[in-house]
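Report on one structure; see the data block that follows.
First listed ligand is number 1; within each ligand, the first listed atom is number 1.
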Amino acid sequence: MIAQPIAYAERNRDLYLTQLIDLLRIPSVSTQTDHDNDTQAAAAWVADSMVAAGLDNVQVIGTPRHPLVYADWLHAGLDAPTVLIYGHYDVQPAEPFALWDSPPFEPEVRDGYLYARGASDDKGQLFVHIKAVEAYLQTNGRLPVNVKFIIEGEEEMGGASLADFIPRHKDLLAADVALVSDTAMISPNQPAIVYGLRGLCYVLLDVTGPSRDLHSGSYGGGIDNPLNVLGHIISQLKDQDGRILIPGFYDNVRPLSEQERDLLGQLPLDEETWLKETGAPAIWGDPDHTLVERLGARPTLDLHGVIGGYTGPGAKTVLPSTVHAKLSMRLVPDQDPQEIANQFKAYVAEIAPRTVRVDVVAEHGGNPTIVDLDMPAIKAAVSAYEATFKQTPVFMREGGSIPVVNQFKQHLGLETVLMGFGLPDDKIHAPNERFYLENFYRGIQTSIHFFASYSEL
Ligand code: BES
Ligand code: MN
Ligand code: MN
């Protein structure tokens, strides 16, 4: 039963690669409106590939921003479980273009890696499951489980349309488990099942002083400088050791059990190799927690961008009228993004001097999640990885965020299997993003095995 789809996927490696390259050529950057026709094109491309795979009810569903793509195949029989597969066809902006060794939307294979924006996050990984389904339907004419796909185009901008769609389409999306490939393994031969994802609270902070830029000689010393104030506010958000100073921030952080600390302590993460890949001179962080704990199980606050004042060539002496900062906080269970945004607003309002006006806008957010590891679908994922990689997957927490996982749980009652095929050095969101091609093919095999094992449990 499983031999034919495996052989089919094997036979079609080159074709699958050509197709993935086609999808990666579409610059479906969700946050940049001048790419709106590209997100439409990517949605249509994904839908076409689902039709070609043999899926039913393929629909491109319009939203206020970028379309969703739905498809299903529900003929496995009444007793067979249903798997809801999620992925996102949108990608992060590719800037700065100059740092790419080959253009981000002209995919190139070098040394067994496929280089392109979205190769690993998430086009390559979502395509894995479409191809696994195709391999079954084009050989056996059936799948051992029912499947539903829900693919979005707004993940990298917060996922508002899907968040709105889920609670209004509970029947359409009803399933027994969700399956998501949008995370990374430990190394090429060491698969990992992620059981924890951090949440996110992204805020924009504006500081405004005078109604126009002022000459810093005529006014300096008499009018407060919003850029100085911004720096001062930022410096009061964390202490020297990185502890976040917002009152109440840690109140709902669920402490790690000794058992989980032991488990995380056993993860095969080599700190030296990990550091080397970043290019930074040293590892940093909370001395009370190990690196693995800091990355997956502790919250953060980071500044991402500051706009303000004069940054052109030469010198210019102004007190800027208004300046802006972008910040985010990564959250862990049981922190709530809305509550954290309110705490952030209250604290900034309290520390800001009366010489400026401060505005805080919560841009987007997502809840953290811990998924249940004690369920048949996890056992199926373990055996699928073992069958393909000849290695038992480890269980780990991931520092990144996939907000939909919490929404599946909250509105559909679904646990999610986070079955990633990326690698830690895929450089997602950065120049020279890549996907290890062997993992693309192994991913398809793992998915084929997963459907078979899950149907038997
Ligand atoms: N696939 C990532 C999440 C991720 C990051 C998994 C790193 C494994 C390792 C996802 O596409 C992503 O980038 N999420 C955003 C969420 C956001 C924009 C709401 C993130 O984590 O910044
Ligand atoms: Mn992703
Ligand atoms: Mn991403």
Can you find an N/O atom of Glu398 closer than 3.5 Å to an N/O atom of ligand 1? no
Quick one: does ligand 1 sit under 4.0 Å from the side chain of Asp182, the backbone, both or neither, non-hydrogen atoms only? both
Quick one: does Asp122 get a heavy atom under 4.0 Å from ligand 1? no
Is the backbone of Ser120 close enough, under 3.5 Å, to the side chain of Glu433 for a donor and an acceptor to pair up by distance? yes
Given side chain to side chain contact (heavy atoms under 4.5 Å, CB included), test Phe408 with Val371 step by step and report yes or no. CA-CA 11 Å; Phe408 284 158; Val371 298; over 6 Å; no
Say whether, by atom type as modelled, one donor and one acceptor occur between the side chain of Arg117 and the main chain of Gln92 under 3.5 angstrom. yes
Just say parallel, tilted or perpendicular for the rings of Phe421 and Phe389, cut-offs at 30° and 60°. parallel
Atoms of ligand 1, numbered as shown, that sit under 4.0 Å from any heavy atom of Glu156: 11 (O), 12 (C), 13 (O), 18 (C)
May I ask you to decide if the ring planes of Phe440 and Phe127 are parallel, tilted or perpendicular, using 30° and 60° as cut-offs? parallel
Could you tell me whether some N/O pair between Gln92 and ligand 1 is separated by less than 3.5 angstrom? no
Can Arg198 be said to touch ligand 1, with heavy atoms closer than 4.0 Å? no
What is the nearest protein non-hydrogen atom to atom 14 (N) of ligand 1, stated with its residue, atom name and distance? Ser401 O, 2.9 Å
Is the distance between the Mn ion (ligand 3) and the nearest N/O/S atom of Glu155 smaller than 2.8 Å? no
Any nitrogen or oxygen of Arg330 lying under 3.5 Å from a nitrogen or oxygen in ligand 1? Just yes or no. yes
I need the nearest protein heavy-atom contact for atom 5 (C) of ligand 1: residue, atom name and distance, please. Ile428 CD1, 3.8 Å
Go through the side-chain N and O atoms of Thr369 and Arg198 and say whether any donor and acceptor fall under 3.5 Å apart. no
For the pair His88 and Tyr86, name the ring-plane relationship: parallel under 30°, tilted 30 to 60°, perpendicular over 60°. tilted
Just checking Trp100 against Phe105, ring centres under 6.0 Å apart? no
Counting N and O atoms only, with roles assigned by atom type, does the side chain of Asp90 sit under 3.5 Å from a partner on the main chain of Glu155, one being a donor and the other an acceptor? yes
Heavy-atom nearest neighbour in the protein, as seen from atom 11 (O) of ligand 1, with distance rounded to 0.1 Å: Glu155 OE1, 2.8 Å
With ring centroids as reference points, do Tyr202 and His304 lie under 6.0 angstrom apart? yes
Output the atom name for the N/O/S atom of Asp121 with the smallest distance to the Mn ion (ligand 3). OD2
N, O or S atom of His88 closer to the Mn ion (ligand 3) than 2.8 Å: no
Show me which atoms of ligand 1 lie under 4.0 Å from any heavy atom of His88. 11 (O)
Looking only at protein heavy atoms, which one is nearest to atom 17 (C) of ligand 1, and what is the separation? Leu200 CD2, 3.8 Å
With respect to the Mn ion (ligand 3), what is the nearest N, O or S atom of Glu156? OE2
